[in-house]
Amino acid sequence: MKTMSITIGTRRKRHYACIAAGFVIGLPSAADAQAAEPTSEDILVTGRHAADLTVPNGTASRLNLSPLETPATLSVIDGATIRARGDMTIADAESRAPGITSVGNLGNGGTALAARGFSGQGSVLQLIDGVRLFPAAGTLTFPTDPWMVERIDILNGPASVLYGQGALGGAVNVLMRKPNTKHTEIDGEIGYGSQDTFHVAAGAGGPAGEHLSYRVDGSYRRSDGYVDRGQSRSYALSATLRWAPTDTLAITVRDDYGNQNPMRYFGTPLIDGRLDDDNRHRNYNPRDGYVRFRDNRTSIQVDWTPSTALTVSNQAYRLTSKRSWLNLESYCWVATDRSCPNGNGGGAATPGSIYRTDMTGIVHDQTQWGDQGSVTFRTPIADGLSNDVVIGFDMNLVKLTYSHNFGAEPQVSEVDPYNFDPGVIVDTQGIAPRYRTRTTEYAVFAEDRLKLGDQVSIVGGLRYERDRIQRWTIDGATEAFALDKRLHNTTWRVGSVYQPIPTVSLYAQYATGVDPLGTLTTYSTGQVQFSNAVGNQIEIGAKAVFLDGRGTATLAAYRIVKTGLLAQLTPTSPIEQIGQRSAKGIEAAVSIDLPRGFGIDANGSVLNARFDDFLSGTANYAGNTPPDVPETMANLWLRWTVTPTVQARAGLRYVGRRFSDNANDFRIPGYATVDTTLSYAVTPRVAVDLHVYNLFDAAYAINSYGVQQWVLGRPRAVDVSLRAGF
């Protein structure tokens, strides 16, 4: 194993010193650790954990209803299960949920998802601890590491009434690990595996007095990658303090930092329209290309519950993101007629070569401030009749400076597909600030549940939101005002839940949603005349808990329609906001703890996504499947606790075929991968894990970067890790 070293930049030294000091001060002594109460479970993770449909959850409803009480599809994956399965990224873990697939690449930060026929950061909203994240140019890079995750909640279908624009396909809420207020916890893991992959992480937390508790975590990852020059490294730090001076008041302060240098890989070009095993591990990016992401969030949460009838909550936060790219991003194989789908400079390229172009340098310097508050009233009206209502506000300010080198001389080169000198970047202009934007959002929302006895409830919600985007162009030291765009939207939902027995729910819901045209924070002058796209969904479903709580099942059917797409009737006619697309489908999930240590977690989704009305020049895309949308998905996890010290897991992930263009001329085949884990508990608190990823070494594309440039997934890999928890 290589020696691990971490170099911390001067700008962050004080930040890390403070976190390290907090760790040292708060870390319990060995005697304290021995005296602390044991955790509720041994090191081997068994059972469904947070999959319980009876546990209250604040993601699908601000009233903290349980999934059984909520007229929507909500999936929960807890952090312990994520780590036991060996998921190495948060996107990997999220795509285990019903109807969710990863469409990540370096351009969107590796975090973009698809849900219910819609994809990307403008249609599947990302949140952290219930607070929405604003993407810049379709990119999000935070949170960074699954070690820090307490659980992930996935709300399928429109979520704009809860969180605002950009959530027509769904919303994914990553909840970070919090202090244990009862006893001290210390856990960690260290692992090594294929592609010289190394990971080490540790955390500790617990009470630090009568009213104070804490949690600190750190994680470091590095790998040589599965393509040439595919090195990556990242680290994440987190520190949390919770002060509860009374039983009714709690104040939580936390800071989370992530630093990523991901694999500088933009995809593999197909050879004659097919994936070639001989170039599967080639990286066509120059040797000095780079990608860097740095994110830092600081937040303070106040929760006050003066009585069972009243709850007041407020969260204020600041998130900074600095993202940098400088790469040669597009590659295509040149056919005998001198053409290639990414363009080849007028047909002058050499047949049989790989044509490289799109030298791109970009920097995002983004800061997001926000404050979100709510008041909840719970009112009994009569015997069996009650009403709960929450009202609140959401305010955000996002400042973005966008730097690029788009005016540089084009860098074009041809290389042999299999044996070539990667070369270096030639930037004739340099990356400099080109424009800045200021985005403000003000929203008020309300949600209400009227409970009509033990069997029927009606849930409704309303949100009014105003957005303002201001943009200035930058030319050296000179700024010029470019646009001032104002948007306002009202979204709402209403649904009903019928529980014939306490463990079974039947529900129906109608919801509306809003999606931006592209990304709100990078609104351009070409979009200023248009408004957001809007949509609606009808959903019906059923949920059940059975086998005395050892099993859960959900089933949902839905139809979503999105209108307001930009379309152009003829090449010379103006662009109009008249297009429409839709998706309809069925999702199902089941989780069962069986006798003799067996367990099953399975989910699947089948949908039909299409453009209903979408014209662009002389092309009519009506009836086609939108890009990046798989129409069949499935996940299956089998677990077997063979003995109290031995556990085996096997997971199957299936993603159906997709298209990489509107015309559906370029198809990405479906794929299936199998991951397995064998765990041995050396003691009740220490385990050795053997993870085998992509057991059958399937060659598959997670996404495409260009119509015939596939971003391939990890080939077969074997990792060994040691986990401990006290």
Side-chain angles (χ1 to χ4, degrees), residues 6-7 9 11-12 88-92 102-112 120-121 126 133 135-145 195-197 219-236 257-269 281-296 320-331 356-366 400-406 408 411 422-427 430-432 519 522 702-706 709-714:
I6 303 177
T7 302
R11 292 180 62 189
R12 304 302 305 180
M88 303 182 102
T89 68
I90 291 176
D92 278 344
S102 171
V103 292
N105 58 49
L106 282 181
N108 57 49
T111 62
Q121 310 287 14
Q126 313 255 1
L133 302 175
T139 305
L140 283 174
T141 51
F142 189 75
T144 63
D145 198 298
Q195 298 103 35
D196 198 23
T197 298
S219 177
Y220 172 78
R221 299 178 187 269
R222 70 123 204 272
S223 177
D224 282 349
Y226 49 87
V227 298
D228 301 332
R229 303 178 312 284
Q231 294 83 2
S232 65
R233 69 181 186 277
S234 66
Y235 59 92
Y257 179 74
N259 189 312
Q260 302 178 75
N261 290 76
M263 186 166 65
R264 299 157 294 170
Y265 167 64
F266 282 83
T268 300
H281 303 289
R282 298 288 183 264
N283 187 353
Y284 295 90
N285 202 4
R287 65 172 60 91
D288 59 343
Y290 64 79
V291 184
R292 300 168 187 154
F293 305 143
R294 287 169 287 168
D295 299 270
N296 188 197
T320 60
S321 297
K322 186 70 173 286
R323 314 181 185 103
S324 305
W325 298 262
L326 181 60
N327 304 276
L328 201 58
E329 297 185 355
S330 294
Y331 333 115
R356 304 189 303 174
T357 186
D358 286 346
M359 186 276 294
T360 304
I362 297 174
V363 173
H364 295 171
D365 194 345
Q366 179 179 353
L400 170 68
T401 299
Y402 193 99
S403 304
H404 64 73
N405 66 349
F406 295 170
Q411 180 175 347
V424 296
I425 300 287
V426 180
D427 185 356
I431 303 171
T519 302
T522 48
I702 299 172
N703 194 8
S704 64
Y705 202 90
Q709 183 176 320
W710 291 357
V711 179
L712 302 180
R714 191 183 186 191

What pair of heavy atoms forms the shortest contact from [X] to [Y], and how long is it?
{"X": "Ile702", "Y": "Gly713", "answer": "CD1-CA, 3.8 Å"}
{"X": "Ser321", "Y": "Asp295", "answer": "OG-OD1, 2.6 Å"}
{"X": "Ala91", "Y": "Gly110", "answer": "CB-O, 3.9 Å"}
{"X": "Tyr226", "Y": "Leu712", "answer": "OH-O, 2.8 Å"}
{"X": "Gln121", "Y": "Gly138", "answer": "CG-O, 3.0 Å"}
{"X": "Thr144", "Y": "Ala236", "answer": "OG1-CB, 3.6 Å"}

Measure the [atom1]-[atom2] distance between [X] and [Y] for me, rounded to the nearest 0.5 Å.
{"X": "Glu329", "Y": "Thr360", "atom1": "CD", "atom2": "OG1", "result": "4.0 Å"}
{"X": "Thr401", "Y": "Asp365", "atom1": "OG1", "atom2": "CG", "result": "5.5 Å"}
{"X": "Asp427", "Y": "Ile425", "atom1": "CG", "atom2": "CD1", "result": "8.0 Å"}
{"X": "Ser223", "Y": "Asp196", "atom1": "OG", "atom2": "CG", "result": "7.0 Å"}
{"X": "Leu106", "Y": "Thr139", "atom1": "CG", "atom2": "OG1", "result": "10.0 Å"}

Under the ring-ring contact (aromatic ring centres under 6.0 Å, His included) test against Trp325, which residue among Phe293, Phe266, Tyr402, Tyr290 passes?
Phe293
State, with a plain yes or no, whether a side-chain heavy atom of [X] is found less than 4.5 Å away from one of [Y].
{"X": "Val711", "Y": "Tyr265", "value": "yes"}
{"X": "Asn283", "Y": "Met263", "value": "no"}
{"X": "Leu400", "Y": "His364", "value": "yes"}
{"X": "Asn261", "Y": "Gln231", "value": "no"}

Is there a donor-acceptor pair under 3.5 Å between the side chain of [X] and the backbone N or O of [Y]?
{"X": "Arg356", "Y": "Pro422", "value": "yes"}
{"X": "Gln709", "Y": "Tyr331", "value": "yes"}
{"X": "Asn105", "Y": "Gly107", "value": "yes"}

Going through the checks in order, is the side chain to side chain contact (heavy atoms under 4.5 Å, CB included) test met by Met359 and Val426?
CA-CA 8 Å; Met359 186 276 294; Val426 180; over 6 Å; no
Identified side chain to side chain contact (heavy atoms under 4.5 Å, CB included) counterpart of Arg264 within the set Asp288, Asn285, Leu326:
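Among the candidates, only Asn285 passes.
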Let me know which of Thr141, Thr519, Asn108 forms a side chain to side chain contact (heavy atoms under 4.5 Å, CB included) with Pro135.
Thr519
For a side chain to side chain contact (heavy atoms under 4.5 Å, CB included) check, start with the C-alpha distance between Tyr257 and Tyr235, then their side-chain angles and the critical distance, and finish with the verdict.
CA-CA 8 Å; Tyr257 179 74; Tyr235 59 92; 3.9 Å; yes
What verdict does the side chain to side chain contact (heavy atoms under 4.5 Å, CB included) test give for Arg294 and Thr320, after you've listed the backbone C-alpha separation in whole Å, the side-chain angles of each residue and the deciding distance to 0.1 Å?
CA-CA 8 Å; Arg294 287 169 287 168; Thr320 60; over 6 Å; no
As a quick check of understanding, evaluate side chain to side chain contact (heavy atoms under 4.5 Å, CB included) for Thr111 and Ile90, giving each step before the final call.
CA-CA 8 Å; Thr111 62; Ile90 291 176; over 6 Å; no
Just wondering, more than 12 heavy atoms not from Arg229 lying within 6.0 Å of its CZ?
yes
